[in-house]
Amino acid sequence: MSKHYAVFGHPVAHSLSPRIHAAFGRQVGIPVDYVAIDAEPSTFEEALSAFAERGGAGANITSPLKEVAFTLCSDATERARRAGAANTLVRNGDTWHGDNTDGAGLVRDLTGRHALDLRARRTLLIGAGGAARGVAPELLDAGIGDLFIVNRTSHRTDALVDLLGQPGRVHPRYIDDLAALGEFDLIVNATSAGRAGQLLHLPPSLVGRRTAAVDLNYGEAAIPFLAWARANGCHDMIDGLGMLVEQAAISFARWHGVEPDTDPVYGELRAEHARLVTAD
Ligand code: ATR
């Protein structure tokens, strides 16, 4: 049976992942069969089983399915366990092995492509869903300073803070208390608000002299937060396009055993997307 790959999410029709994986495949000479499959949390388990029966060998998982995907894995990498969320599944016999390449992809993009030094940055993470969970452990490992986490639904903040297990360094706060938190060197928007056309209400007092604002979304969805960052004098504004390409490359290497060159694929996509990045 030939091997199939897919990205699952809801909505997922506009995902760039099929295009990115096809481009990587062409680059390294591996034909890649990779499609987008729309599934809601309630139908995902069934859709994933059907995919496995058709020869599904690997899957990427996007919003809002990363946490439920993790629960469907028989085993997982340490970074996926630390996140409690999976964005990459590898078929292993009759079971799924979970990984999470989001955090490594983000750190590669920020430190490599954009040459940001993350060390000791006082960091605010907005959101506590699957995307926030994926990036928090790797940001901590990259040497950021204290990490403050806020989320519209506070019990999800608490669950993520508990999972990260660094009480002296990771602090839950209420989203309504943002104005009392002072300035941050790094602000990461890991919410899906922009994708729903909704605005986050963020006080200008979060911004300091060298604040980098990073949105894990790309395209239209990243515009509201990065426009706020620009209007309030952030030093760097970075969308999630580079992270998307980097996390895809790490997933690709897990499935096919070859590490693709991300620069040409990033360059092509960047040329088509609103120029929201000002750190490079
Ligand atoms: P993803 O994989 O993109 O993280 P998710 O797990 O559904 O998808 O999480 C979405 C995140 O965006 C959550 O942190 C969510 O907050 P809740 O936990 O309160 O739902 C956040 N979010 C979505 N819309 C938002 C809005 N309008 N304002 C603030 N946060 C929002």
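Counting starts at 1 for both ligands and their atoms, in listed order. Given the structure is predicted, the values throughout are model-derived calculations rather than measurements.
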Please say whether Pro64 places an N or O atom under 3.5 Å from an N or O atom belonging to ligand 1.
no
Hey, what do you get for CZ (Arg19) to CD (Glu268), rounding to the nearest 0.5 Å?
5.0 Å
Separation between CG (Leu139) and CG (Leu147), nearest 0.5 Å, reads 7.0 Å
Should you measure from each heavy atom of [X], which atoms of ligand 1 turn up under 4.0 Å away?
X	answer
Ser63	1 (P), 2 (O), 3 (O), 8 (O)
Glu67	6 (O)
Leu200	28 (N), 29 (C)
Arg195	3 (O)
Gly127	14 (O)

Can you pull out the closest protein heavy atom to atom 9 (O) of ligand 1? Residue, atom name and distance to 0.1 Å, please.
Gly129 CA, 3.5 Å
Nearest-neighbour protein heavy atom for atom 27 (N) of ligand 1, which is reported as residue plus atom name and distance
Gln198 OE1, 2.6 Å
Do [X] and [Y] have side-chain heavy atoms sitting under 4.5 Å apart?
X	Y	answer
His256	Val32	yes
Arg82	Leu163	no
Thr88	Thr77	no

Which heavy-atom pair separates [X] from [Y] by the least distance, and what is that distance?
X	Y	value
Gly130	Arg156	N-NH2, 4.5 Å
Thr101	Asn87	N-OD1, 2.8 Å
Phe24	Val245	CZ-O, 3.7 Å

Check [X] against ligand 1 and report side chain, backbone, both or neither, counting heavy atoms closer than 4.0 Å.
X	result
Arg133	neither
Thr153	both
His155	neither
Arg156	side chain
Ala128	backbone
Leu216	neither

Could you check whether any heavy atom of Ser192 sits closer than 4.0 Å to an atom of ligand 1, since that is the contact criterion I want to use?
yes
Got a donor-acceptor contact below 3.5 angstrom from the Arg152 side chain to the Ile175 backbone?
no
More than 12 foreign heavy atoms under 6.0 Å from CD of Gln27: is that the case here?
yes
Using heavy-atom distances, let me know which of [options] sits nearest [atom].
atom	options	value
atom 25 (C) of ligand 1	His201, Lys66, Arg152	Arg152
atom 14 (O) of ligand 1	Asn151, Asn217, Val135, Asn189	Asn151
atom 2 (O) of ligand 1	Ala131, Gly194, Ala159	Ala131

So, Asn60 versus His21: side-chain donor-acceptor pair below 3.5 Å or not?
yes
